[in-house]
Amino acid sequence: MTEAEQEKAAPDINALEQEGEIAADYVEGLLDIADIDGDIDMDVEGDRALVSVVGVKGTELVGPGGEVLEALQELTRLAVHRQTGERSRLMLDVAGYRERRRAELSKLGSEIAAQVKRNGEPKSLQPMTPFERKIVHDAVAAAGLRSESEGEEPLRFVVVLPV
């Protein structure tokens, strides 16, 4: 890989930190408008900015199945895009919802992989967001099996396949 290719492949930490700051300001404004108390944490995880709202009471910012959180994340990404002109892969979390969901889905992926190994039959899961599908795909791969996504958004789902 040439030096130019390495620079292109490596995430620009300064740009990701700027995305996080823009997103944090946007989310803070939304919290003020909604009169919701919460603190904002910013970080860079891999190749994306991560903004977390902590200290929030209640689940109105997460919603059933994370629907409100997904909508807030998309609005926040649009706010970042409006200021930077670049597509954002920013991840927004509220009250640790995504971390809890990541643990649940990793466990689910491992359990389904074990079940598919035992009975040799493919297994389809419920529709999931891209974030959720990625976690399941990773858990299935770690168990030595393969998986595919099928269907169209928003009803796209994971199918775990036997070897």
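All values reported here derive from a predicted model rather than from experimental measurement. Only this structure's heavy atoms are used, side chains among them; waters, hydrogens and symmetry mates stay out. In this chain, residues are counted from 1 in sequence order.
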Could you work out, with side-chain hydrogen bond (donor to acceptor under 3.5 Å, both in side chains) as the rule, every residue matching [X], not counting sequence neighbours?
{"X": "Ser147", "value": "His137"}
{"X": "Asp39", "value": "none"}
{"X": "Glu153", "value": "Arg133"}
{"X": "Arg48", "value": "none"}

Which residue is it: Ile36, Val62, Asp37? I am looking for the one with a side chain to side chain contact (heavy atoms under 4.5 Å, CB included) to Val56.
Ile36

What residues join [X] in its hydrophobic cluster, counting side-chain heavy atom gaps under 4.5 Å, either direct or through other members?
{"X": "Leu145", "answer": "Leu50, Met91, Leu105, Leu108, Ile112, Val116, Leu125, Met128, Phe131, Ile135, Val136, Val140, Val158, Val160, Val163"}
{"X": "Ile33", "answer": "none"}
{"X": "Val80", "answer": "Ile22"}
{"X": "Ile13", "answer": "Leu16, Val44"}

Can you list every pair that meets salt bridge (Lys or Arg N to Asp or Glu O under 4.0 Å) and has a residue in residues 24-34, with sequence neighbours left out?
none

Test: salt bridge (Lys or Arg N to Asp or Glu O under 4.0 Å). Region: residues 139-150. Which pairs qualify, not counting sequence neighbours?
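Pairs touching residues 139-150 that pass the test: Arg146-Glu148.
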
Residue pairs involving residues 100-115 (criterion side chain to side chain donor-acceptor pair (under 3.5 Å); sequence neighbours excluded):
Arg101-Glu104, Arg101-Glu132

Please collect all side chain to side chain donor-acceptor pair (under 3.5 Å) contacts where either partner lies in residues 66-89, sequence neighbours excluded, each pair once.
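Sorted result for residues 66-89: Glu19-Ser88, Asp47-Arg89, Glu70-Arg98, Gln73-Arg98.
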
Can you check whether [X] reaches [Y] side chain to side chain, under 4.5 Å on heavy atoms?
{"X": "Leu61", "Y": "Leu31", "value": "yes"}
{"X": "Glu21", "Y": "Met42", "value": "yes"}
{"X": "Tyr97", "Y": "Thr59", "value": "no"}
{"X": "Ile40", "Y": "Val53", "value": "yes"}

Heavy atoms only: give me the nearest Ala23-Leu90 pair and the separation to one decimal.
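Result for this residue pair: CB-CD1, 3.5 Å.
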
Taking all atoms of both residues into account, what is the closest heavy-atom pair of Gly120 and Pro162, and its distance?
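Closest heavy-atom pair between Gly120 and Pro162: O-CG, 3.3 Å.
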
